[in-house]
Structures are given as C-alpha cells and as structure tokens.
Asks: 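Please read through the structure below; I'll follow up with questions.
Computed from a prediction, not measured in an experiment: that's the story for all the values here. The first residue in the sequence is number 1, and the count goes up from there.
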Amino acid sequence: MSEKILIIAVNKKQQNEAKFQSSLDELISLSETAGGNVESIMTQNRDRIDPAHYIGTGKVQEIKEAITEFGIDLVISNDELSAGQLRNLGAEFGVRIIDRSQLILDIFAQRARTKEGKLQVELAQYEYTLPRLRGQGIEMSRLGAGIGTRGPGETKLESDQRHIRRRIYDIKRRLETIVRQREQYRKRRKSNEAFQIAIVGYTNAGKSTLFNRLTNSSSLEENQLFATLDPLTRQIQLPSGFQALITDTVGFMQDLPTALIAAFRSTLEEVKEADFLLHVVDVSHPDQEQQQDTVIKLLDELDAGSIPMLTIYNKEDRLNGEEVIPMQHPYFFMSAYQQKDIDNMLSKVETILQEIWKPYNVQLGPEEGKQLNRLEQETLIIRKEFEETTNRYVLQGYIKQDHPLRGFLEE
C-alpha cells in the first residue's frame, strides 16, 4: 500500500517562478519514485521562510485540515528543514514529516547495490540526521517504516550522538580503503593510456539507455529518477577502431543534499578523471534548459568544466517536429534507441577529437608490430596502407597531446 503524501512548499518572492514550479514537479516525481502517491500540494507565497514552522501559522491550520481530509501518511517539504522546524511541524501535524533531502537520500538508499554505494548512502544519512536528531519526534526505526526511513545499516537510528559520530568515523575509514582501491584502478587505466569517456547528465535523461546501446550491457533502465547509482565502466570501440573505456554515472539534480554530494565525491571523481564527456540531455523535457544549467554548474564544482564534451540532445523522437535551439556546442540530436544515430554520434566524437588532437604521419616496418598495434588501439587512424615497394606501413591519424607515443612519432 503506497503512502499518501502531502507536499508543502514556500514560494519566496525573489525566486524565479519557472524554477519554483520545476522544483515542485521534480518533488512529485521523487515522491512517486520512492513509492508514494501525492494527494495534495500546498504552497505559500512569502518574503522568507518562517524560522519556527517553515510556513505561516494560518497555512499550518489549512494543512492540518487537508491531512485529515485526504488521510495523509506523510508530509514532504520542498526545502530542507531545521531540527526545530521538524519538531514543531511534527507536533502540529501528528504525522511523519520529512524534507526533499531526506526523500532523495531514501531513494538513494533503495538504489544502492554495491558495498561502496551502500556505505556512501549510510554516511550521507547519518551526517544529515546528526544535527536534526532533536527534531525527530516520531520513532526512528529504519526498517519498514516507510519513505524517508529506509537505508542500509542498523535497524534503529540511535539518538545517541556519540554513537552516530562513531558510526560516521567507522564508515569514513572503510570508504577511504575503497577510495584508495578506486584510485589504484584509475592510475592503472591512466598508465595503460586508456581513453576514458564519462556519460553525464540530469537524472532520467537517458544515460543508461545510451550506455547499454553502446556496450551491449543491461544496466538498470527505468523511467524513474536515479535509476543508476553505482558507476559502471565498459570498453567500446569507435568507428576508426580506437578503443575507449566508457562510464555510466549517477544522474545530477538541482538542490542535491550537500551531505550526498560530499559522500559521493569519490564516485563523481570518475567524471573529473575522464578525457571526454558525453552530456546527455532529455531534449523533450520542458525544463531541459534548467537541467543543462544544473549539470554545467555541477561539472564546474567538480573541476570537470574544461574537459572536452559533446552535448547529446537525446529523445529527439519525442519532439513531434518542435524546433529546439541547442544551448551547448558541439552538440548532436539523436534517439538512443536508433542504431544509426549511435553510429553517427560516435563519428561526431571522432571528429571533435581530430580537432583537438595532434595530427601525425608515420611509416613503420613489419618488425615494428608492437608500435603499430598501440597506434591502432590508442590513436585515431584515418588512413592505413601497406606499400609493397618500401615494405612499410603508412599511417595517418591523430594522437592526444600528452600521449607517450608522441615522442616515438616525432623521432
């Protein structure tokens, strides 16, 4: 039986109306992704948020009546609530109350599959809960108590702050070990000169669908927010034969909880370490411009804003002839379900690389098979011929500026 949800939100006067509506729509989608059913939405226009109750006392009374009328199980706030606001609203409403951040953490707790993912979510939940412990008026059970209470770890979230601090310390220590292992994998990939592509984008833009079509994989594809949480990496081959590693990453979203971004920083390092980004945009989404801005902002915060990038305007088949002006360049319109589009997109990636890489011409003898093999796998070859008169291979292609083979090619 899905929980009946009532959403409350404050529309601050200085806030952009379109962004406010977009955040509400997103909160509805998040609530449904968590398994709830939104029965009512109550908003209030205010100059600023009420420090004690988040909303005005008159609106509190209206919400209490709506809770009775709709048989509400859970109230979700569109903004983060302080310990005092949680305590005061919980006392007024008589039902559980959580905020947007707790809801997102709950979804992440459902989605985490790997040991690292589960630890990261648990850490974020503890760090979010610690300063709000006194606001949790109703039971703190973490198993089977509904939306906002799920998560890996213990059956009860102890109200002892020292206990939680010990758990945070323990989880961070365990995560440091995993992070070191991940860094070793990265260093190994770098030393092997593996070219790394990361798929980034707003949640539910179609990243996993594109990843699966590119790699013939079967990672989770759902029309839900945060369907992918743990990053996956596979090898692909571009049209020229050039080998690359491609990683599917967690979806971005506006107003992600700070604790979550901090906890998942090691996972997001995959983006920072990439040589090339594929930024997937749901071009049919009414808020796609806002979503693009959010992704670009988060990439800048991750120090990944200068990585070469192709913006993929995905789900073109849903546009019904409507014209969309691309915000980012270079760009490519496509549907991830069309193989022809995928092939053309990969060719576009090679075209971009040719513009930023260094061209080379080289002749190799049959005895230089090792270098020939490396050039075929680690560079973009646009021409390869064997001249019988000279008994040599003639290669023409493009190579990364800092590739160690540059020295060999320039000898």
Asks: Examine the side chains of N314 and S335 and answer whether a donor and an acceptor come within less than 3.5 Å of each other.
Replies: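 On atom types as modelled, these side chains do not qualify, holding no pair under 3.5 Å.
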Asks: Rounded to the nearest 0.5 Å, how far does CD of E26 lie from CD of Q291?
Replies: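 That separation rounds to 7.0 Å.
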Asks: Between Q377 and Q243, is there a side-chain donor-acceptor contact under 3.5 Å, judged purely by atom types and distance?
Replies: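 Side-chain D/A pair, Q243 to Q377: absent.
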Asks: Compute the centroid of each ring, for Y126 and then for Y128, and state whether the two points are separated by less than 6.0 Å.
Replies: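 Centroid distance Y126-Y128: not below 6.0 Å, so no.
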Asks: Under the side-chain hydrogen bond (donor to acceptor under 3.5 Å, both in side chains) rule, collect the residues that match up with R180, sequence neighbours excluded.
Replies: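 Counting only residues at least two positions away or on another chain, R180 forms no side-chain hydrogen bond (donor to acceptor under 3.5 Å, both in side chains).
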Asks: For a quick check under 3.5 Å, do E387 and N391 share a side-chain donor-acceptor pair by atom type?
Replies: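 Per modelled atom types, E387 and N391 side chains form no pair under 3.5 Å.
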Asks: Output yes when a side-chain donor or acceptor of D73 lies under 3.5 Å from a complementary backbone atom of E3, and no otherwise.
Replies: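 Not confirmed, D73 side chain does not pair with E3 backbone.
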Asks: Going through the checks in order, is the salt bridge (charged side-chain N to carboxylate O under 4.0 Å, His left out) test met by R173 and D170?
Replies: CA-CA 5 Å; R173 196 169 44 78; D170 181 51; 2.7 Å; yes
Asks: Report yes if the side chains of F252 and L299 come closer than 4.5 Å at any heavy-atom pair, otherwise no.
Replies: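 Yes. Closest side-chain heavy atoms under 4.5 Å.
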Asks: Donor-acceptor pair, distance only, cut-off 3.5 Å: does the side chain of K172 make one with the backbone of L123?
Replies: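 Side chain of K172 to backbone of L123: no pair is present.
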Asks: Checking side chain to side chain donor-acceptor pair (under 3.5 Å) for the pair Q292/Q288: CA distance, chi angles, key distance, verdict?
Replies: CA-CA 6 Å; Q292 288 180 72; Q288 50 104 352; 2.6 Å; yes
Asks: To the nearest 0.5 Å, what is the distance between CD on E368 and CD on Q363?
Replies: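 Result: 10.5 Å between the selected atoms.
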Asks: Below 4.5 Å, heavy atoms only, C-beta onward: do M309 and I296 meet side chain to side chain?
Replies: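 Yes, their side chains come closer than 4.5 Å.
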Asks: Have E39 and N37 got a donor and an acceptor in their side chains that come within less than 3.5 Å?
Replies: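 Side chains of E39 and N37: pair found under 3.5 Å.
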Asks: Looking at side-chain heavy atoms only, is the closest gap between F195 and L353 below 4.5 Å?
Replies: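 Side chain of F195 against side chain of L353, heavy atoms only: contact under 4.5 Å found.
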Asks: Among side-chain atoms of D79 and S77, is any donor-acceptor pair under 3.5 angstrom?
Replies: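 Looking only at side-chain atoms, S77 and D79 do not form any donor-acceptor pair under 3.5 Å.
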Asks: Distance from S240 atom OG to Q354 atom CD, nearest 0.5 Å?
Replies: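 Here the interatomic distance stands at 8.0 Å.
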Asks: Quick one: does T43's side chain get under 4.5 Å of V10's, heavy atoms only?
Replies: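 No; the side chains remain at least 4.5 Å from each other.
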Asks: Report yes if the side chains of I7 and V75 come closer than 4.5 Å at any heavy-atom pair, otherwise no.
Replies: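 No. Closest side-chain heavy atoms not under 4.5 Å.
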Asks: Taking R318 for the side chain and H285 for the main chain, is one N or O donor matched with an acceptor at less than 3.5 Å?
Replies: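 Not at all, since once roles are kept as given, no pair shorter than 3.5 Å links the two residues.
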Asks: Will you find, in the side chains of Q102 and D106, an N or O donor that is under 3.5 Å from an N or O acceptor?
Replies: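 No pair is found: no donor N or O on one side chain lies under 3.5 Å from an acceptor on the other.
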Asks: Distance check, rounded to the nearest 0.5 Å: L89 atom CG versus I97 atom CD1?
Replies: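 One gets 4.5 Å once the value is rounded to the nearest 0.5 Å.
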Asks: For the atom pair CG (L277) and CD (Q196), what is the distance rounded to the nearest 0.5 Å?
Replies: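 One gets 11.0 Å once the value is rounded to the nearest 0.5 Å.
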Asks: Between Y54 and S82, is there a side-chain donor-acceptor contact under 3.5 Å, judged purely by atom types and distance?
Replies: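 Their side chains do not contain a donor-acceptor pair, so the 3.5 Å distance test is not met.
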Asks: Tell me, with the steps shown, if W357 and F276 meet ring-ring contact (aromatic ring centres under 6.0 Å, His included).
Replies: CA-CA 12 Å; W357 284 6; F276 194 89; 9.1 Å; no
Asks: Would you call K207-D248 a salt bridge at under 4.0 Å N-O?
Replies: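 The answer is no: the pair does not qualify as a salt bridge.
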Asks: Check for a donor-acceptor pair, side chain of Q85 on one end and backbone N or O of D50 on the other, with a separation under 3.5 Å.
Replies: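 Answer holds: yes.
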Asks: Side chains of N11 and E17: donor-acceptor distance under 3.5 Å anywhere?
Replies: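 Side chains of N11 and E17: pair found under 3.5 Å.
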Asks: Could you please spell out the steps behind the side chain to side chain contact (heavy atoms under 4.5 Å, CB included) verdict for I168 and L130?
Replies: CA-CA 10 Å; I168 287 173; L130 189 60; 4.2 Å; yes
Asks: Atom CD1 of I98 and atom CG of L86: how far apart are they, to the nearest 0.5 Å?
Replies: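 Going from CD1 on I98 over to CG on L86, the span is 9.5 Å.
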Asks: Got V200 and V280 here, is their nearest side-chain heavy-atom distance under 4.5 Å?
Replies: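 Of all side-chain heavy-atom pairs linking V280 with V200, none is under 4.5 Å.
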Asks: Run the ring-ring contact (aromatic ring centres under 6.0 Å, His included) test against F386 and tell me which residues pass, sequence neighbours left out.
Replies: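 F386 satisfies ring-ring contact (aromatic ring centres under 6.0 Å, His included) with Y393 once adjacent residues are dropped.
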Asks: With side chain to side chain donor-acceptor pair (under 3.5 Å) as the test, would you mind laying out the steps for S22 and Q290 before giving the verdict?
Replies: CA-CA 9 Å; S22 163; Q290 172 78 44; 5.8 Å; no
Asks: Take E376 and I381, measure what side chain to side chain contact (heavy atoms under 4.5 Å, CB included) needs, and give me the verdict at the end.
Replies: CA-CA 7 Å; E376 285 176 331; I381 295 177; 3.7 Å; yes
Asks: What I'd like to find out is whether the side chain of E289 reaches to under 4.5 Å of the side chain of M327, using heavy atoms alone.
Replies: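 E289 reaches M327 side chain to side chain.
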Asks: Could you go through K400 and D275, starting from their C-alpha distance and side-chain angles, then the distance that decides it, and tell me whether this counts as salt bridge (charged side-chain N to carboxylate O under 4.0 Å, His left out)?
Replies: CA-CA 10 Å; K400 262 178 76 178; D275 299 294; 3.2 Å; yes
Asks: Would you please say whether a donor-acceptor pair under 3.5 Å links the side chains of H403 and E378?
Replies: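 Looking only at side-chain atoms, E378 and H403 do form a donor-acceptor pair, the distance falling under 3.5 Å.
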Asks: Of all residues at least two apart in sequence or in a different chain, which pass the ring-ring contact (aromatic ring centres under 6.0 Å, His included) check with F20?
Replies: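 For F20, no residue satisfies ring-ring contact (aromatic ring centres under 6.0 Å, His included) once neighbours in sequence are set aside.
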Asks: List the steps, then state whether side chain to side chain contact (heavy atoms under 4.5 Å, CB included) holds for F332 with N344.
Replies: CA-CA 9 Å; F332 188 79; N344 290 338; 3.6 Å; yes
Asks: With a 4.5 Å limit on heavy-atom distance, are the side chains of I312 and L210 in contact?
Replies: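 They are in side-chain contact.
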Asks: Begin from the C-alpha positions of L319 and V324 and carry the test side chain to side chain contact (heavy atoms under 4.5 Å, CB included) through to its verdict.
Replies: CA-CA 9 Å; L319 282 178; V324 174; 3.8 Å; yes
